[in-house]
Number of protein chains: 2
Amino acid sequence: MVSKALIQEISQLEADFCSALSDPTRLLIIYSLADKPHNVTELTNELDIIQPTISRHLKTLRDRGLVYTVRNGSSITYHLGDKRLTQALDLLRAVMRDRLKHRASLAKETKATINA
Amino acid sequence: MVSKALIQEISQLEADFCSALSDPTRLLIIYSLADKPHNVTELTNELDIIQPTISRHLKTLRDRGLVYTVRNGSSITYHLGDKRLTQALDLLRAVMRDRLKHRASLAKETKATINA
DNA sequence: AACGTATATACGTTTATGCGTATACGATAG
DNA sequence: CTATCGTATACGCATAAACGTATATACGTT
């Protein structure tokens with residue numbers, strides 16, 4: 001049997017890990033890096049978000065080990081750490097898409113019923 | 001070309017969806033429901049968390065469409081909405097495990113280097 | 001050494017999130 | 001009909017997260 005405290009601690013860790021994904025800017029960064037590595041300036045330009053904001057989000061991704069950095073002269077290139085991350089996000093997006101579709105059809109049903 | 005505003009909106013939606021996963025209690029609930037459906041009282045007992053807290057977290061899961069409910073007499077049974085959710089979480093956990101392992105070995109390396 | 005470019009961080013503020021207690025609502029039993 | 005059990009919500013508080021501005025650090029060039 002696994003102790004309750006341990007289970008809670010693991011869940012906390014995992015929640016922390018997932019919280020890296022719960023911000024739209026960070027998701028945009030992840031998708032951008034999944035395409036190819038970028039440095040901070042490139043991300044700043046591509047996403048049209050000011051540099052300190054990009055850096056702050058990169059830090060939270062780095063702290064959780066989702067991205068890693070390679071110094072390249074005076075700039076720093078950020079890489080996505082694990083391809084499975086993209087797979088997981090793809091799955092989540094697919095689930096989300098289906099949920100939204102489902103709701104849309106429910107809404108239509110309801111409207112039709114009311115109008116009937 | 002997809003408009004920037006649309007991309008941002010989609011990312012916001014997805015971040016919102018992911019934020020459902022960024023709380024340890026909700027993860028415990030999801031894992032519990034992945035095993036089998038439960039009603040609120042069962043979750044309360046199994047996870048040893050007070051009922052209003054369980055209900056609140058269930059609401060956020062329900063709002064995002066991750067779980068659905070079936071009324072069963074006077075109680076309400078909660079079901080996990082999509083098996084892919086578990087798959088995605090498994091992937092994320094695997095990534096996290098590897099990251100932690102990697103860091104542990106890095107820490108060991110560092111220590112060895114310092115002590116050398 | 002001095003300057004410019006690239007990146008990171010600190011600070012104060014605003015907004016969001018979670019918690020516990022108390023309470024309301026809904027369904028069933030007696 | 002009211003008492004009870006199961007579930008949901010409201011409220012006040014405490015904590016955490018995000019943002020923009022300002023500033024610090026690091027590297028490369030001259």
Side-chain angles (χ1 to χ4, degrees), chain A residues 4-5 8-9 11-30 32-33 36-80, chain B residues 4 8-9 11-30 32-33 37-80:
Chain A
K4 189 169 294 182
Q8 284 176 353
E9 197 166 335
S11 303
Q12 176 63 60
L13 261 177
E14 194 173 358
D16 211 64
F17 194 79
C18 288
S19 76
L21 310 176
S22 66
D23 177 274
T25 302
R26 284 197 293 270
L27 289 174
L28 290 173
I29 291 175
I30 289 172
S32 183
L33 295 184
K36 71 177 178 15
H38 290 280
N39 65 37
V40 180
T41 304
E42 288 165 352
L43 289 171
T44 297
N45 293 330
E46 180 167 329
L47 303 180
D48 198 25
I49 293 173
I50 63 179
Q51 177 267 321
T53 297
I54 295 284
S55 279
R56 241 185 300 108
H57 285 300
L58 284 172
K59 177 173 171 48
T60 97
L61 293 174
R62 203 161 12 104
D63 286 348
R64 287 162 176 80
L66 303 187
V67 302
Y68 66 94
T69 59
V70 175
R71 183 145 233 160
N72 228 300
S74 76
S75 79
I76 296 178
T77 306
Y78 279 78
H79 298 251
L80 198 57
Chain B
K4 190 167 293 182
Q8 283 177 353
E9 197 167 338
S11 303
Q12 176 63 61
L13 260 178
E14 193 174 358
D16 213 63
F17 194 80
C18 288
S19 76
L21 309 176
S22 66
D23 177 273
T25 302
R26 284 197 291 271
L27 288 174
L28 290 174
I29 290 175
I30 288 172
S32 183
L33 295 184
H38 291 282
N39 64 37
V40 180
T41 304
E42 287 164 352
L43 289 171
T44 297
N45 294 328
E46 180 167 329
L47 303 180
D48 198 24
I49 292 172
I50 64 178
Q51 179 266 322
T53 297
I54 294 285
S55 279
R56 241 184 301 109
H57 285 300
L58 284 172
K59 177 172 171 49
T60 97
L61 293 174
R62 202 163 11 104
D63 286 347
R64 288 162 177 80
L66 303 187
V67 302
Y68 65 95
T69 59
V70 175
R71 178 132 232 153
N72 227 301
S74 75
S75 80
I76 296 178
T77 306
Y78 279 77
H79 299 250
L80 198 57

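Note on naming: letters A, B, ... go to the chains in the order of the sequence lines (proteins, then strands), and numbering restarts at 1 for each one.
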Participant: Which heavy atom in A:Asp48 sits nearest to a heavy atom in B:Lys4, and how many Å separate them?
Facilitator: CB-NZ, 3.7 Å
Participant: I need the CG-C1' distance between A:Leu21 and D:dA17, as an integer number of Å.
Facilitator: 16 Å
Participant: Under the 3.5 angstrom rule, does the side chain of B:Arg26 hit a backbone N or O of B:Ser22 as a donor-acceptor pair?
Facilitator: no
Participant: Mind checking who C:dC11 pairs with, Watson-Crick or G-U wobble, both distances under 3.5 Å?
Facilitator: D:dG20
Participant: Is the phosphate of C:dA8 approached by A:Tyr78 (side-chain N or O, under 4.0 Å from OP1 or OP2)?
Facilitator: yes
Participant: Nearest heavy-atom pair of A:Ile54 and A:Ile49: which atoms, and what distance?
Facilitator: CG1-O, 3.7 Å
Participant: In whole angstrom, what separates A:Ile29's CD1 from C:dT7's C1'?
Facilitator: 13 Å
Participant: Calculate the interatomic distance between A:Gln12 atom CD and C:dG18 atom P; express it in whole Å.
Facilitator: 11 Å
Participant: For C:dT5, does either OP1 or OP2 sit under 4.0 Å from a side-chain N or O belonging to A:Ser75?
Facilitator: no
Participant: Rounded to the nearest angstrom, tell me the gap between atom CG in A:Leu58 and atom P in C:dA6.
Facilitator: 16 Å
Participant: Would you mind reading off the distance between A:Arg64 atom CZ and D:dA17 atom C1', rounded to a whole angstrom?
Facilitator: 10 Å
Participant: Enumerate the ring-ring contact (aromatic ring centres under 6.0 Å, His included) contacts for residues 47-78 of chain A, please, sequence neighbours excluded, ordered by first and then second residue.
Facilitator: A:Tyr68-A:His79
Participant: What are the atom names and distances for every N/O pair under 3.5 Å that joins the protein to nucleotides 19-23 of chain C?
Facilitator:
from: C:dC19; atom 1: OP2; to: B:His57; atom 2: NE2; distance (Å): 2.7
from: C:dG20; atom 1: OP2; to: B:Thr53; atom 2: OG1; distance (Å): 3.2
from: C:dG20; atom 1: N7; to: B:Arg56; atom 2: NH2; distance (Å): 3.2

Participant: Looking only at non-hydrogen atoms, find the nearest pair between A:Ala15 and B:Leu27 and report the distance.
Facilitator: N-CD1, 3.5 Å
Participant: Once you round to the nearest 0.5 Å, how far does CD1 of B:Ile30 lie from CD of A:Glu14?
Facilitator: 9.0 Å
Participant: Could you pull out the closest heavy-atom pair between A:Asn39 and A:Ser75, with the gap in Å?
Facilitator: ND2-OG, 3.7 Å
Participant: Please give, in whole Å, the distance from C:dT7 P to A:Tyr68 OH?
Facilitator: 17 Å
Participant: Give a yes/no answer on whether the side chain of A:Arg71 brings an N or O atom under 4.0 Å of OP1 or OP2 in C:dA6.
Facilitator: no
Participant: Could you state the atom-to-atom distance from CD of B:Glu42 to C1' of D:dG6 in whole Å?
Facilitator: 12 Å
Participant: Is B:Ser55 touching bases, backbone alone, or none of the nucleic acid, heavy atoms closer than 4.0 Å?
Facilitator: base
Participant: With DNA chain D as reference, determine whether A:Thr60 or B:Thr69 sits nearer its 5' end, using the nearest nucleotide of each.
Facilitator: B:Thr69
Participant: To the nearest Å, how far apart are A:Lys59 NZ and D:dT25 P?
Facilitator: 16 Å
